[in-house]
Amino acid sequence: MDRRVIYADLTVSRDSGPESSSPSSFPQDLCQGPRWHQFALKLGCAGVTLLVLAVIGLTVSVISLLQKSPIEKSSVDVQQNRNETTESAQLSECLALWLPLQKKCLFLSQDTNFWNDSLSYCSTKESSLLLIQDQEELKLIQELIKDTAINFWIGLNFTLSEKNWKWINGSFLNSAILNIKGDAEENSCAYISKTGVSFEECYADNKLICQKQRNPVINKVCPDS
Ligand SMILES: *[C@@H]1O[C@H](CO)[C@@H](O)[C@H](O)[C@H]1NC(C)=O
Ligand SMILES: *[C@@H]1O[C@H](CO)[C@@H](O)[C@H](O)[C@H]1NC(C)=O
Ligand SMILES: *[C@@H]1O[C@H](CO)[C@@H](O)[C@H](O)[C@H]1NC(C)=O
Ligand SMILES: *[C@@H]1O[C@H](CO)[C@@H](O)[C@H](O)[C@H]1NC(C)=O
């Protein structure tokens, strides 16, 4: 058994030896011979053809990858940059004369008005009278106010029926967040000044602060409101 196998191997190598060692002979010449030989050669030719095609295909795909990769890389870079800028400046700019403050744009008026007229003034500017969320925001707004003698109406007034301070968004004042000193009466409206939040008769003339929420620049479609 073992000898036979070795013998078979030797005959194959002996037969194919002179053929492969003669580089001057063309494949067409080689293809003429015994039938089994021809068949083997055809098979070999097909293999070589397939190999050449595979190499061409691989080369083309490598070239196209090399051409594509810088573009893909740069698009990733752009996306990362966008992400970074999104994080640093994801909110819309404020209009001229409006000051950015965290997630709001604020308008500090020059003119004075009654509280009720101030309320409608802000709504004509597609905004509302100022709502103060917390002590931090209060401090930041007080820093924006230059003149200690000026009062600015905010969106907070006293409701006699409920005997409570009420924001114009309908929420009652949380005295843990903002405390207004003094006993309010009918027609009391709140203002902010450099020194804090206080109140006055609603038909006093004061300046006013309007606020507008800043929208995210990229995800404008987001229906949060
Ligand atoms: C992009 O921003 C989102 C949201 O801020 C964050 O979760 C994500 O990790 C950021 N991706 C990169 C690549 O910085
Ligand atoms: C505000 O009140 C005054 C006095 O009552 C009134 O003349 C004026 O029309 C009111 N303004 C608005 C916008 O309701
Ligand atoms: C109304 O505004 C106040 C002050 O900014 C805030 O504390 C409260 O949560 C708001 N209420 C609603 C319903 O948005
Ligand atoms: C207080 O504000 C509410 C709106 O939140 C308004 O309807 C009401 O007229 C105001 N009160 C006064 C005295 O201006």
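Whatever order the structure lists them in is the order used to number ligands and atoms, beginning at 1.
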Among all the protein's non-hydrogen atoms, which is closest to [atom], and how far away is it?
atom: atom 5 (O) of ligand 3; answer: Ile132 O, 3.2 Å
atom: atom 11 (N) of ligand 2; answer: Asp117 OD1, 2.7 Å
atom: atom 1 (C) of ligand 4; answer: Asn157 ND2, 1.4 Å
atom: atom 9 (O) of ligand 3; answer: Ser171 OG, 4.4 Å
atom: atom 4 (C) of ligand 2; answer: Tyr203 CE2, 3.6 Å

ask   = Does a sphere of radius 6.0 Å around NZ in Lys194 hold more than 12 heavy atoms from other residues, nucleotides or ligands, not counting ones at 6.0 Å or beyond?
value =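 Above 12, so yes.
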query = In terms of heavy-atom contacts, does CD of Glu162 have more than 12 from other residues, nucleotides or ligands at under 6.0 Å?
reply =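 It does: Glu162 CD has more than 12 such atoms within range.
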ask   = Under 4.0 angstrom from atom 7 (O) of ligand 3, is there any protein heavy atom?
value =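 False for atom 7 (O) of ligand 3.
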task = Using a distance threshold of 4.0 Å (strictly less than), state whether atom 14 (O) of ligand 4 has a protein heavy-atom neighbour.
result =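 Given the 4.0 Å limit, the answer for atom 14 (O) of ligand 4 is yes, a protein heavy atom qualifies.
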Same cluster for [X] and [Y] if Ile/Leu/Val/Met/Phe/Trp/Tyr side chains link at under 4.5 Å?
X: Leu95; Y: Leu99; result: yes
X: Leu156; Y: Ile168; result: yes
X: Leu131; Y: Phe172; result: no
X: Leu129; Y: Leu97; result: yes

inquiry  = So does Leu208 get a backbone contact from the side chain of Ser109, meaning a donor-acceptor N/O pair under 3.5 Å?
reply    =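 Judged by distance alone, yes, a pair lies under 3.5 Å.
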message = For Gln102 and Glu136, which I'm curious about, is there any donor-acceptor pair between the side chains at under 3.5 Å?
response =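 Side chains of Gln102 and Glu136: pair found under 3.5 Å.
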inquiry  = Leu131 versus ligand 3: do any nitrogen or oxygen atoms come within less than 3.5 Å of each other?
reply    =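 So ligand 3 has no N or O lying under 3.5 Å from an N or O of Leu131.
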Any N or O of Asn169 closer than 3.5 Å to N or O of ligand 3 =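 In this structure, Asn169 places an N or O atom under 3.5 Å from an N or O of ligand 3.
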task = Could you tell me whether the side chain of Ser198 reaches within less than 4.5 Å of the side chain of Tyr191, counting heavy atoms only?
result =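 In contact.
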ask   = With a cut-off of 4.0 Å, which atoms of ligand 3 are near a heavy atom of Gln133?
value =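 Counting atoms of ligand 3 from 1, those under 4.0 Å from Gln133 are 5 (O).
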message = As an exercise, identify every atom of ligand 4 less than 4.0 angstrom from a heavy atom of Trp115.
response =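 In order of number, 1 (C), 2 (O), 10 (C), 14 (O).
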request  = Could you see which bit of Ile177 sits under 4.0 Å from ligand 3, with heavy atoms only: side chain, backbone, both or neither?
outcome  =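 No part of Ile177 is near ligand 3 at this cut-off.
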key: Asn187-ligand 4 polar pair, N/O distance under 3.5 Å   =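 No, since none of the N or O atoms of Asn187 sits under 3.5 Å from an N or O of ligand 4.
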request  = Identify, by atom number and element, the atoms of ligand 2 in contact range of Ser120, meaning under 4.0 Å from any of its heavy atoms.
outcome  =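 Reading through ligand 2 atom by atom, the close ones are 13 (C).
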ask   = Are Asn157 and Phe199 close enough, and set up right, to give a side-chain contact (heavy atoms from CB on, under 4.5 Å), and what steps lead you there?
value = CA-CA 8 Å; Asn157 70 7; Phe199 64 90; over 6 Å; no
ask   = For Asn116, is the nearest heavy atom under 4.0 Å from an atom of ligand 4?
value =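 No, that is not the case, since the closest heavy atom of the residue is not under 4.0 Å from the ligand.
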